[in-house]
Amino acid sequence: MMDADFRSDTVTRPTPAMYAAMAAAPVGDDVLGDDPTVKRLEALAAERFGQEAGLFCPSGTMTNQIAINVHTRPGDEVICSHLAHIYNYEGGGVAFNSGVQVRTGGDAYGRLSADDVHRLVQPEMDVHAAPTRLVVLENTANKGGGTSLGLPLLREVGDAARSHNLAYHLDGARIFNALVREGDSPEDLGFFDSVSICLSKGLGAPVGSLLLGPKDFIAEGKRIRKRFGGGMRQAGFLAAAGIYALDHHVERLAEDHANAQRVDGWLAQLPYVVERKPCHTNMVLFRIEAPGGAPALQAHLASQGIRIIAMDREWLRVVTHYDIHEAHLSALHEALKTFAA
Ligand SMILES: *Cc1c(COP(=O)(O)O)cnc(C)c1O
């Protein structure tokens with residue numbers, strides 16, 4: 001039976017060439033500072049993003065949580081989109097790990113504007129208020145539909161943050177999708193105080209994320225990584241997959257975007273699809289009206305070996321990635337047409 005997995009771009013398996021790079025990697029104990037491949041990955045990623053240093057971590061949740069921990073003190077407030085991953089999908093980590101709270105704003109696509117920052121920042125001298133310390137922007141915005149924010153917006157929000165002396169963190173789990181779509185380069189993002197990137201999403205590495213920032217910030221982050229249990233020993237095998245992904249899997253994200261566009265076009269033709277978020281990158285979020293709702297469509301597809309995620313009773317998500325091929329796409333197209341809504 002067909003096995004077409006459109007749930008997420010995290011489901012990819014390493015390619016043979018990536019496996020070969022992993023197997024050939026020189027490794028050492030990275031907690032003791034001895035793993036040359038981890039060091040190479042950290043330096044390479046930092047340089048590409050115009051940052052001083054990098055820190056290799058097991059997940060993007062950990063890189064975000066470390067960044068928040070280093071930027072804030074307990075009782076502080078963080079500004080983010082109401083759709084932000086740090087607010088919706090990190091297990092309440094902002095409260096649990098750092099004792100901070102969030103103040104949310106922005107639009108239905110996960111974007112935050114400079115006006116939002118000016119409106120949401122707490123008055124500095126008001127003793128009733130939690131001191132605002134940090135603005136977190138997500139690009140692409142996952143729950144917004146893979147929205148790409150574009151450099152002008154990122155700069156405006158950064159200027160607003162700076163005008164209030166707030167730190168500015170980028171949750172760039174899928175930043176390469178945004179860069180490829182916009183035709184921008186990572187070093188254009190040098191105005192962020194810290195950047196988190198995922199190697200395990202569209203780039204196709206099996207595990208790993210990086211936190212990037214100034215040297216002293218990363219040095220403190222390294223202490224927090226240990227505290228969170230994220231210090232890894234011979235992690236060079238994983239870092240090698242990350243280096244391979246950064247060198248070979250960035251430009252090809254354009255194929256995933258083109259495939260998502262095709263899916264979006266098919267959905268536009270279906271009577272039971274009543275709303276779609278703008279399709280900017282490798283995700284398609286759509287709302288259906290049908291008996292049984294989103295779970296019914298999910299089950300219909302699953303019966304034909306096609307997996308997608310139902311986000312709630314009405315919204316579903318299709319994600320494209322490098323293990324999606326033509327046969328998977330045409331199977332999806334056919335199955336969508338035969339759903340009896
Ligand atoms: C996937 C993701 C993360 C990190 O997720 P992990 O599974 O912990 O690596 C962070 N932010 C966004 C926007 C994501 O999509």
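Numbering of ligands and ligand atoms starts at 1, following listing order. Scope of the values below: all heavy atoms of this structure, side chains included, with no hydrogens, waters or symmetry mates.
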task: Taking only heavy atoms of S59 into account, list the atoms of ligand 1 that are under 4.0 Å away from them.
output: 8 (O), 9 (O)
field: Non-hydrogen protein atom less than 4.0 angstrom from atom 7 (O) of ligand 1
entry: no
Ring-face cation of K143 near W315 (centre distance under 6.0 Å, axis angle within 45°): no
query: In ligand 1, which numbered atoms sit nearer than 4.0 Å to a non-hydrogen atom of N64?
result: 10 (C), 11 (N)
- prompt: Is any N or O atom of T61, backbone or side chain, closer than 3.5 Å to an N or O atom of ligand 1?
  reply: yes
- line: Across all chains, not counting sequence neighbours, the ring-ring contact (aromatic ring centres under 6.0 Å, His included) partners of Y168 are F192
message: Using heavy-atom distances only, which candidate in I197, N139, N142 approaches atom 15 (O) of ligand 1 most closely?
response: N142
- request: Answer yes when R233 and D35 have at least one side-chain N-carboxylate O distance shorter than 4.0 Å, and no when they do not.
  value: no
task: Name all pairs fulfilling the salt bridge (charged side-chain N to carboxylate O under 4.0 Å, His left out) condition that reach into residues 56-84, sequence neighbours left out, sorted by first residue then second.
output: D76-R133, E77-R103
task: Could you tell me whether some N/O pair between K201 and ligand 1 is separated by less than 3.5 angstrom?
output: yes
- request: For ligand 1, note which part of R174 has a heavy atom under 4.0 Å away: side chain, backbone, both or neither.
  value: side chain
- request: For E138, counting its heavy atoms only, list the atoms of ligand 1 lying under 4.0 Å from any of them.
  value: 13 (C)
- prompt: Is A173 touching ligand 1 with its side chain, its backbone, both, or neither, if touching means heavy atoms under 4.0 Å apart?
  reply: side chain
query: N/O of D171 under 3.5 Å from N/O of ligand 1, yes or no?
result: yes
- prompt: Are H249 and Y244 close enough that their ring centres sit under 6.0 Å apart?
  reply: yes
Minimum side-chain heavy-atom gap V78-H71 below 4.5 Å: no
- request: Within a distance under 4.0 Å of any heavy atom of G60, pick out the atoms of ligand 1 and give their elements.
  value: 4 (C), 6 (P), 8 (O), 9 (O)
task: Would you kindly specify which portion of I86 sits under 4.0 Å from ligand 1, judged on non-hydrogen atoms: side chain, backbone, both or neither?
output: neither
Approximate separation, where rounding is to 0.5 Å, of H169 NE2 and I68 CD1: 6.5 Å
- prompt: Does a side chain donor of either D126 or H128 reach within less than 3.5 Å of an acceptor in the other side chain?
  reply: yes
